[in-house]
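Remember, it's 1-based here, ligands and their atoms both numbered in the order they're listed.
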Amino acid sequence: MALARSRAYVIGSGPNGLTAAIVLARAGLAVTVLEAQPTIGGGTRSAELTLPGFIHDVCSAVHPMAVSSPAFAEFPLAEHGLDWIQPPVPVAHPLDNGGCVRLDSSLERTTRQLGLDGPAWHRTVEPLAARWNQLFAEVFAPLHIPAHPLLLARFGLSAAWPATTVARSLFRTREARALFAGIAAHSILPLEDFGSAAFGWILGIAAHTVGWPIPRGGSQRIAGALASYFESLGGRIVTNAAVRSLDELGDADLILCDITPRQLLSIAGARLPDTYCRSLERYRYGPGVFKIDWALSAPVPWKSADCARAGTLHLGGTLDEIAASERAVWNGAVEERPFVLLCQPSLFDRTRAPAGKHTLWAYCHVPNGSTADMTHRIEAQIERFAPGFKSLILAKHTMNTADLERHNANLIGGDIGGGSVHLPQLFLRPTYRFYRTPLKSLYLCSSSTPPGGGVHGMCGWHAARTALAEAGLLRA
Ligand SMILES: Cc1cc2nc3c(=O)[nH]c(=O)nc-3n(C[C@H](O)[C@H](O)[C@H](O)COP(=O)(O)OP(=O)(O)OC[C@H]3O[C@@H](n4cnc5c(N)ncnc54)[C@H](O)[C@@H]3O)c2cc1C
């Protein structure tokens with residue numbers, strides 16, 4: 001197929017859609033991005049959700065994967081307005097004794113702080129951190145013959161296990177066990193599942209290599225920079241343009257879909273063979289989330305001063321508590337004390353709130369499709385480690401799984417990862433075809449393809465390169 005100067009459409013303007021659009025535009029195609037919502041960005045939108053002057057990240061807030069992404073590194077995003085802020089401490093995990101355990105940007109400081117467990121952390125992390133770029137490129141790609149097999153094998157030896165097994169066998173202190181559980185819980189898997197430890201290691205190593213930064217001005221700036229670069233390449237973005245059927249794109253030579261399997265079935269099912277439709281129907285979505293944003297009159301009064309230096313906080317107490325909370329959502333229940341992921345961006349970015357005031361972002365995992373109101377339980381978890389927090393609330397905005405899906409149709413039942421990452425779906429997403437579909441000019445490029453959820457653009461990058469390679473247009 002001679003695709004140069006051909007017409008390509010990308011359905012959806014999330015980070016993967018915009019990355020795919022850029023790759024296609026750089027190859028010379030005439031690319032149009034069609035976005036259902038009035039604003040672009042998918043999971044990287046910001047808005048005044050509570051009060052005027054308070055800028056909240058509606059979905060993603062913290063971006064270790066974005067700053068590690070080889071795709072984003074190739075794009076001149078700083079020239080298009082993207083500026084990263086590194087909070088002094090990437091992650092703090094407060095405990096009931098009033099102290100807290102930190103995942104520091106410095107490996108040495110983290111090792112010292114972990115005391116008895118410092119050597120085990122250092123021994124596992126140091127060799128992998130030293131080759132972070134190579135490791136990231138191997139892991140954030142579809143199944144392939146590795147360029148660095150020994151490095152990947154070394155990672156696999158620590159990563160293939162359940163997070164609970166790693167925490168209990170490698171670490172002896174409750175601090176290190178809790179810290180690892182909190183990081184691994186980003187997987188949204190039961191922590192007893194094989195492979196859940198991988199998320200603990202990847203995000204842990206990222207803290208020591210690239211940090212857990214936030215974009216100045218909010219996550220919308222990521223989408224804004226990608227869109228601005230795309231438009232500088234001649235690309236076109238149309239908002240309020242929900243695609244309901246492929247028939248609407250009659251003149252397309254190529255279509256890349258930043259949507260999940262259920263939506264692909266809805267817009268293209270009539271053209272797809274039954275066997276592929278059945279595979280898509282078997283695709284599993286994971287738990288949802290319940291999200292809260294607050295406008296505050298002052299910073300959160302953490303018992304532990306170290307918590308005020310952290311961009312991200314993990315509120316859930318011990319390994320056992322966190323594991324119970326994550327297991328419960330897979331059993332269709334929620335714990336009284338859910339594991340809470342929290343970010344306090346305005347402490348480090350004064351553009352987020354009026355002078356002296358603050359924004360706060362948090363969510364917890366809930367069963368897929370749950371409409372349970374978790375406000376009280378999330379706020380109780382914050383009060384547990386920061387008594388007096390509730391008296392600072394000026395306004396709040398909550399989103400249950402249905403609200404999230406209304407905000408972004410990709411958040412099926414509130415699933416923020418584009419599908420669960422249990423084995424083997426972690427690797428075979430959404431089917432063994434990865435980005436390809438049985439239709440020659442139709443590809444998937446969302447987080448339902450490898451390497452999965454998070455703001456990194458690598459799904460879009462690999463999908464667009466696959467499409468270009470199959471059209472003979474991929475330049476070395
Ligand atoms: C509450 C929450 C917190 C998160 N926190 C983080 C975080 O801190 N760090 C991180 O890295 N990741 C985080 N994520 C995950 C991250 O946002 C996603 O993994 C990422 O945005 C996926 O990108 P995507 O391009 O695949 O899809 P999306 O970003 O979901 O974009 C899909 C786009 O397609 C559009 N669309 C859907 N259907 C159609 C249609 N038929 N026609 C036209 N357009 C359509 C949608 O409106 C949307 O704009 C979070 C997500 C949520 C919801």
Side-chain angles (χ1 to χ4, degrees), residues 9-21 32-45 56-69 72 186 188 203 206 212-215 219 222-223 226-227 237-246 248-249 255-260 262-264 266-268 286 288-293 311-312 341-343 345 361-366 398-401 403-419 421 429 444-461 463:
Y9 288 94
V10 176
I11 302 175
S13 70
N16 285 312
L18 290 172
T19 300
T32 302
V33 174
L34 300 170
E35 168 55 50
Q37 297 294 326
T39 57
I40 60 159
T44 54
R45 294 194 184 108
H56 302 278
D57 287 332
V58 185
C59 297
S60 76
V62 187
H63 295 97
M65 302 299 104
V67 283
S68 303
S69 164
F72 289 1
H186 283 256
I188 326 184
L203 290 169
W212 285 35
I214 56 171
S219 293
I222 301 175
L226 288 166
I237 301 177
V238 186
T239 52
N240 293 309
V243 176
R244 303 198 195 287
S245 161
L246 284 192
E248 295 165 26
L249 312 178
I255 302 171
L256 268 72
C257 301
D258 186 13
I259 59 178
T260 81
R262 197 172 295 175
Q263 297 143 280
L264 184 67
S266 153
I267 69 170
V289 309
F290 184 91
K291 163 98 190 314
I292 314 187
D293 291 279
T312 302
L341 301 94
L342 180 145
C343 175
W361 168 109
Y363 68 84
C364 71
H365 302 141
V366 294
T398 64
M399 292 173 100
N400 66 20
T401 62
D403 300 323
L404 283 162
E405 197 171 329
R406 265 191 298 280
H407 170 75
N408 176 350
N410 284 29
L411 305 176
I412 306 280
D415 176 346
I416 69 173
V421 290
R429 321 172 55 81
L444 268 171
C445 69
S446 71
S447 59
S448 303
T449 61
V455 175
H456 44 65
M458 295 306 292
C459 311
W461 169 263

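Within the 4.5 Å cutoff, the side chain of Y363 has heavy atoms near those of the I416 side chain. In this structure, the side chains of L249 and L34 come closer than 4.5 Å at one or more pairs of heavy atoms. T239 is not listed as a side-chain neighbour of P38, based on a closest heavy-atom distance of 4.5 Å or more. Using a 4.5 Å heavy-atom cutoff, the side chains of L203 and M65 are in contact. Under the 4.5 Å side-chain criterion, counting only non-hydrogen atoms from C-beta, P450 is not in contact with C459. Contact of the I267 side chain with the I259 side chain is registered, since non-hydrogen atoms from C-beta on lie closer than 4.5 Å. Under the 4.5 Å side-chain criterion, counting only non-hydrogen atoms from C-beta, M399 is not in contact with V289.
Of the protein's non-hydrogen atoms, the one nearest atom 5 (N) of ligand 1 is S60 CA, 3.2 Å. Looking only at protein heavy atoms, the nearest one to atom 27 (O) of ligand 1 is D258 OD1, 3.4 Å. Remark: minimum distance from atom 32 (C) of ligand 1 to any protein heavy atom is reached at N410 ND2, 3.3 Å. The protein non-hydrogen atom at the shortest distance from atom 47 (O) of ligand 1 is E35 OE2, 2.6 Å. What sits closest to atom 42 (N) of ligand 1 on the protein, heavy atoms only, is V243 N, 3.0 Å. Looking only at heavy atoms of the protein, atom 31 (O) of ligand 1 is closest to G14 CA, 3.2 Å.
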Exercise. H63 and S219: side-chain contact (heavy atoms from CB on, under 4.5 Å), yes or no, with the steps?
Worked result: CA-CA 9 Å; H63 295 97; S219 293; 3.1 Å; yes
For this session: Begin with the C-alpha distance, continue with both residues' side-chain angles, and end with the deciding distance and a verdict on side-chain contact (heavy atoms from CB on, under 4.5 Å) for L226 and T19.
Result: CA-CA 7 Å; L226 288 166; T19 300; 4.3 Å; yes
For this session: Using the side-chain contact (heavy atoms from CB on, under 4.5 Å) rule, take V58 and N408 through it: C-alpha gap first, then chi angles, then the decisive distance, then the call.
Result: CA-CA 10 Å; V58 185; N408 176 350; over 6 Å; no
Exercise. Between S447 and N16, is a side-chain contact (heavy atoms from CB on, under 4.5 Å) present by the stated rule, with each step listed?
Worked result: CA-CA 7 Å; S447 59; N16 285 312; 4.1 Å; yes
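For ligand 1 and L34, the ligand atoms under 4.0 Å from any heavy atom of the residue are 43 (C), 44 (N). Counting the atoms of ligand 1 from 1 in the order shown, those under 4.0 Å from a heavy atom of I11 are 40 (C), 42 (N), 43 (C). Close contacts of ligand 1 with W361, meaning ligand atoms under 4.0 Å from a residue heavy atom, involve 3 (C), 5 (N). Residue-ligand proximity, S446 to ligand 1, at heavy-atom distances under 4.0 Å covers atoms 26 (O).
The shortest heavy-atom distance from T44 to ligand 1 is not under 4.0 Å. Heavy atoms of C459 stay at 4.0 angstrom or farther from ligand 1. By the 4.0 Å heavy-atom criterion, S448 is excluded from the residues contacting ligand 1. At a 4.0 Å cut-off, not a single heavy atom of W212 sits close enough to ligand 1 to count as contact. Judged by the shortest distance from any of its heavy atoms, M65 lies outside the 4.0 Å radius around the atoms of ligand 1. Not a single heavy atom of M399 lies less than 4.0 angstrom from ligand 1. Ligand 1 lies out of reach of G418, whose nearest heavy atom is not under 4.0 Å from it.
N410 places a side-chain N or O within 3.5 Å of a backbone atom of D258 that can act as its donor or acceptor partner. Judged purely by atom type and a 3.5 angstrom limit, S69 uses its side chain to pair as donor or acceptor with the backbone of H456.
Of the N or O atoms in P15, one or more lie within a sub-3.5 Å distance of an N or O in ligand 1. Between A61 and ligand 1, an N or O atom pair is found at a separation short of 3.5 Å. Ligand 1 has no N or O atom lying under 3.5 Å from any N or O atom of Q37, backbone or side chain. Between V455 and ligand 1, an N or O atom pair is found at a separation short of 3.5 Å. For L404, no nitrogen or oxygen atom sits less than 3.5 Å from a nitrogen or oxygen atom of ligand 1, counting backbone and side chain alike. For ligand 1, none of its N or O atoms has an N or O atom of H407 under 3.5 Å away. Not one N or O of V58 is nearer than 3.5 Å to an N or O of ligand 1, by distance alone. For ligand 1, the polar-atom distance check against Y363 finds no nitrogen or oxygen pair separated by under 3.5 Å. Remark: ligand 1 and G43 share an N or O pair separated by less than 3.5 Å (distance only, no angle test). At a 3.5 angstrom cut-off on N or O pairs, N408 counts as close to ligand 1.
In C445, neither the side chain nor the backbone holds a heavy atom less than 4.0 Å from any atom of ligand 1. In R45, the part holding a heavy atom less than 4.0 Å from any atom of ligand 1 is the side chain. Within the 4.0 Å heavy-atom criterion, the part of I259 lying near ligand 1 is the side chain and not the backbone. Only the side chain of Q263 comes within contact range of ligand 1, with a heavy atom under 4.0 Å; no backbone atom does. At a heavy-atom distance under 4.0 Å, no atom of I40 approaches ligand 1. At a heavy-atom cutoff of 4.0 Å, ligand 1 is contacted by no atom of Y9, backbone or side chain.
The pair R45-E35 counts as a salt bridge, with a side-chain nitrogen and a carboxylate oxygen less than 4.0 angstrom apart.
For the residue pair Q263/T260, the side-chain donor-acceptor check at 3.5 Å is satisfied.
Expressed to the nearest 0.5 Å, how far OG1 of T449 lies from CE of M458 amounts to 11.0 Å. Residue I255 holds its CD1 atom at 8.5 Å from OH of Y9, rounded to the nearest 0.5 Å.
For atom 2 (C) of ligand 1, the candidate residues are C59, G453, A20; the nearest heavy-atom contact is made by C59. Considering only non-hydrogen atoms, atom 45 (C) of ligand 1 lies nearest to A36 out of A36, G288, G42.
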